[in-house]
2 protein chains.
Amino acid sequence: MSAPEVPVRRQTRQRTAVLALLDELDGFRTAQDLHALLRERGDAVGLATVYRALQALVDDGLVDVLRSEDGEAAYRRCSPVHHHHLVCRSCGLTVEVADPPVERWAARVAAEHGFADVQHQLEVFGTCRSCAPGAAAQR
Amino acid sequence: MSAPEVPVRRQTRQRTAVLALLDELDGFRTAQDLHALLRERGDAVGLATVYRALQALVDDGLVDVLRSEDGEAAYRRCSPVHHHHLVCRSCGLTVEVADPPVERWAARVAAEHGFADVQHQLEVFGTCRSCAPGAAAQR
DNA sequence: CGATCGTGTGAGAATGGTTCTCATGACCAG
DNA sequence: CTGGTCATGAGAACCATTCTCACACGATCG
């Protein structure tokens, strides 16, 4: 086996803009949203480039991906340590949370059933205080 | 408030075939897979109908949906009680598992952060014994 | 048993997110 | 400064899913 042969990652205006935008936001956003936001702020970037930049960031572990209920991918700047998410399904507000017990539970259950190379995925969805019905009669 | 106005659910050859097929399989399958399987077995059903039947089954709580990493939806006949899944990412084999602690944890964490109307989603992915590398030098 | 109403079906078109293509532009090492 | 390589962008291609709409069929009632 030879070198992994990973291309050099260049720093460009576009990639910088995508990461900077993600740093300002505190919730999960779709690639389409991010593209529109960049366009609004005048920092125009091609849609394909937004997708490529996000993919690179995910590969580098700087960004987390999440699939919404309709299959659309949403991205968020996250800490590199393992964690789960508490997401507001209305405004996207997200809190990173840890749950050590579930880590052990997942490993144990997987082992009991003969599963190896285990990963788990745990997300909690709810309505945050600002979006709670009653704060403003929405609908 | 009047009656929910849910249309009567008819029993047709196509819906019966979809549910019967799901009953025979023990892993998550995409709508496309199910459509192809039905076609192979001669029980031809239109693709749109497969989607509609699956949606109806999900609404009735007879089938669970899961989004694969690339956003494709996968369906499986599941028990109606709340549970999580241990899924083989190679063959799709799935085991239903329960984890009472995580239920309480999710509720507590959500409450701490002022989130209401909480749901959670927990899936464990791994490689089952039959698919383990070494059982057969695949690929 | 047979008419009737309303739901289900299917082929193909439409939708929409994501990826690919490829000619052109921009990093950055030397 | 210059070259080679990687990045960009506009649009096409892709593909899962949904929609459209004319027609078929299930259930119910007479």
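Naming convention: chains lettered A, B, ... in sequence-line order (proteins, then strands); numbering from 1 in each chain.
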- How does protein contact run along nucleotides 3-15 of chain D, one letter per nucleotide 5' to 3', with B for base contact, S for sugar-phosphate only, - for none, heavy atoms under 4.0 Å? -BBBSBBB-----
- Query: With sequence neighbours excluded, what pairs up with B:Arg41 under the side chain to side chain donor-acceptor pair (under 3.5 Å) test?
  - Reply: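 Expected list: B:Glu24.
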- Task: Apply side chain to side chain donor-acceptor pair (under 3.5 Å) to B:Thr30 and list each qualifying residue two or more places apart in sequence or on a separate chain.
- Result: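 Listed in chain order: B:Asp33.
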- Query: Would a 4.5 Å heavy-atom cut-off, applied to side chains only, mark A:Asp99 and A:Trp105 as touching?
  - Reply: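 They are not in side-chain contact.
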- Pairwise side-chain contact, A:Asp43 with A:Gln14, heavy-atom cut-off 4.5 Å (strictly under):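 Not in contact.
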In chain order, what residues pass the side-chain contact (heavy atoms from CB on, under 4.5 Å) check against [X], with sequence neighbours excluded?
{"X": "B:Glu103", "answer": "B:His82, B:His84, B:His120"}
{"X": "B:Ser68", "answer": "B:Asp70, B:Glu72"}
{"X": "A:Glu96", "answer": "A:Arg76, A:Cys78, A:Ser79, A:His83, A:His85"}
{"X": "A:Arg52", "answer": "A:Ala48, A:Thr49"}

- Please, which pairs that meet ring pair (Phe, Tyr, Trp, His ring centres under 6.0 Å) have at least one residue in residues 37-65 of chain A, sequence neighbours excluded?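 Sorted result for residues 37-65 of chain A: empty, none.
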Contacts table for residues 110-117 of chain A: side-chain donor-acceptor under 3.5 angstrom, sequence neighbours left out:
from, atom 1, to, atom 2, distance (Å)
A:Glu112, OE2, A:Arg108, NH1, 3.2
A:Asp117, OD2, B:Arg89, NH2, 3.4

- Query: At how many degrees, to 10°, do the end axes of the helix from C:dC1-D:dG30 to C:dG30-D:dC1 meet when each uses five pairs?
  - Reply: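 The two end axes of the helix from C:dC1-D:dG30 to C:dG30-D:dC1 meet at 30°.
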Nearest-angstrom distance from the residue atom [atom1] of [X] to [atom2] of [N]:
{"X": "B:Asp70", "N": "C:dG16", "atom1": "CG", "atom2": "P", "answer": "20 Å"}
{"X": "A:Arg67", "N": "D:dA16", "atom1": "CZ", "atom2": "P", "answer": "13 Å"}
{"X": "B:His35", "N": "C:dT9", "atom1": "NE2", "atom2": "P", "answer": "13 Å"}

- Task: Tell me which residues in residues 19-26 of chain B put a heavy atom below 4.0 Å from DNA chain C, sorted by number, or none.
- Result: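 None - not one residue of the stretch has a heavy atom sitting under 4.0 Å from the strand.
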- Query: Is the phosphate of C:dT19, meaning OP1 or OP2, less than 4.0 Å from a side-chain N or O of A:Tyr51?
  - Reply: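 No, because none of the side-chain N or O atoms of A:Tyr51 sits under 4.0 Å from OP1 or OP2 of C:dT19.
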- For D:dT18, does either OP1 or OP2 sit under 4.0 Å from a side-chain N or O belonging to B:Gln55?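 For D:dT18, OP1 or OP2 has a side-chain N or O of B:Gln55 closer than 4.0 Å.
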- Query: Hey, what else clusters with A:Leu62 if you join Ile, Leu, Val, Met, Phe, Trp, Tyr whenever side-chain heavy atoms sit under 4.5 Å?
  - Reply: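 Besides A:Leu62, the cluster holds A:Val18, A:Leu19, A:Leu21, A:Leu22, A:Leu25, A:Leu34, A:Leu37, A:Leu38, A:Val45, A:Val50, A:Leu54, A:Leu57, A:Val58, A:Val63, A:Val65, A:Tyr75.
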